[in-house]
Amino acid sequence: PPALHVSDLRKVYDNGVTALHGISLDVGEGDFFALLGPNGAGKSTLIGIISSLVNASAGTVEVFGVDVARRRGDAMRLVGLVPQEINFNLFERPFDILVNYAGFHGVPRALAIERAHEELARAHLSGKAHLTSRTLSGGMKRRLMIARALMTRPRLLILDEPTAGVDIEIRRGMWQQMREINASGTTVILTTHYLEEAEELCRNIAIIDHGRIVQHTAMKALLATL
Ligand code: ADP
Ligand code: ADP
């Protein structure tokens, strides 16, 4: 099965806003996939449904063949989410943030400790493991958010506008980190409203606008039309 299969997905919020008007989408295993669209297009709603934080109104979403509505626990184990806002406790240390997150998700403690060392190294944060997170630079905090999502070893990693509001130096470090994650076999989906970012990183792209997919194609094919 593909990493992600979305079929005729609809979302109507309680206030009557239709955020998704029946969208369909596939992402192959190993892909680096961009979901591009302006503010309000429905990107966060879609990734909220994929990561089991938001309920769909109709339609189906499967990750690696697992229906997220019917087998929520199994689906959640396959998906890692990096939210847009930094949401870890700034008074905790990076090492503890990673170990506690893994523990919360059922990873045995010895394994969590082993993985925390690995992920801190991969994020170039080993030297910061035991400092208060508050003292990390903006780029380091961003990389820690990504490292944390990897602690459960998700097969699909979703990043919600990971580089929004960060400067070019930090963005380059994050791009490198994301490329390495994808190269190690993890399927990556990122939302962005910068075509240049999608172009830099992604092989395939869907463009979403007003709750509808308006393009779903290989990045190269899209660039050829511009
Ligand atoms: P994007 O992530 O592309 O900016 P969103 O998925 O956040 O788009 O929003 C899509 C639409 O759904 C917008 O019109 C937004 O105002 C609306 N919306 C998002 N979240 C909620 C919510 N919790 N309740 C009601 N409407 C919402
Ligand atoms: P800042 O957020 O202040 O820009 P950085 O994110 O650049 O700090 O991280 C500090 C150090 O980590 C720098 O020396 C930088 O070169 C190094 N670094 C950051 N990302 C990577 C990476 N992907 N590969 C190698 N070194 C990196």
Side-chain angles (χ1 to χ4, degrees), residues 2-27 31-63 67-69 72 75-76 78-88 138 141-142 145-146 148-149 154 156-167 170-171 174-175 178 181-182 186-219 222-223 226:
L4 177 67
H5 176 66
V6 175
S7 178
D8 210 12
L9 184 67
R10 286 175 55 80
K11 175 62 184 181
V12 184
Y13 282 106
D14 290 344
N15 63 359
V17 171
T18 301
L20 299 174
H21 293 268
I23 69 168
S24 298
L25 180 69
D26 279 281
V27 177
D31 201 358
F32 200 139
F33 191 91
L35 196 59
L36 179 78
N39 279 328
K43 304 183 297 297
S44 298
T45 301
L46 175 57
I47 66 178
I49 295 170
I50 298 166
S51 45
S52 300
L53 299 173
V54 175
N55 290 317
S57 304
T60 53
V61 174
E62 291 174 1
V63 286
D67 187 311
V68 302
R72 189 158 183 262
M76 284 177 85
L78 293 165
V79 179
L81 176 66
V82 181
Q84 195 178 336
E85 302 299 328
I86 288 166
N87 67 352
F88 52 75
K141 284 177 187 146
R142 294 277 165 185
M145 292 283 288
I146 298 175
R148 184 180 64 173
L156 171 61
L157 182 70
I158 303 177
L159 303 108
D160 191 5
E161 302 199 21
T163 63
V166 306
D167 67 36
I170 295 177
R171 193 173 300 162
M174 295 176 70
W175 284 350
M178 290 187 266
I181 291 163
N182 180 242
T186 307
T187 307
V188 179
I189 298 177
L190 72 86
T191 71
T192 182
H193 46 253
Y194 302 115
L195 179 61
E196 310 81 76
E197 178 162 85
E199 183 180 347
E200 177 77 27
L201 294 170
C202 301
R203 279 186 290 278
N204 291 292
I205 184 168
I207 302 179
I208 181 167
D209 193 19
H210 291 93
R212 292 189 166 85
I213 302 284
V214 296
Q215 286 247 36
H216 182 1
T217 183
M219 185 58 88
L222 174 70
L223 295 174
L226 298 180

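Scope of the values below: all heavy atoms of this structure, side chains included, with no hydrogens, waters or symmetry mates. Numbering of ligands and ligand atoms starts at 1, following listing order. Everything numeric in this text was worked out from a predicted model, so none of it was measured.
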Contact set, ligand 1, heavy-atom distance under 4.0 Å, ordered by chain/number, equals Y13, N15, V17, A19, P38, N39, G40, A41, G42, K43, S44, T45
Going by the ring pair (Phe, Tyr, Trp, His ring centres under 6.0 Å) test, which pairs reach into residues 35-59, not counting sequence neighbours?
-> none
Just wondering, more than 12 heavy atoms not from D67 lying within 6.0 Å of its CG?
-> yes
Indicate yes or no: at least one non-hydrogen side-chain atom of L4 is less than 4.5 angstrom from one of T187.
-> no
Are I50 and L156 side-chain neighbours, meaning at least one heavy-atom pair lies under 4.5 Å?
-> yes
Spacing of L20 atom CG and R212 atom CZ [to the nearest 0.5 Å] = 10.5 Å
Taking the side chain as every heavy atom from C-beta outward, state whether V27 and N204 have any atom pair closer than 4.5 Å.
-> no
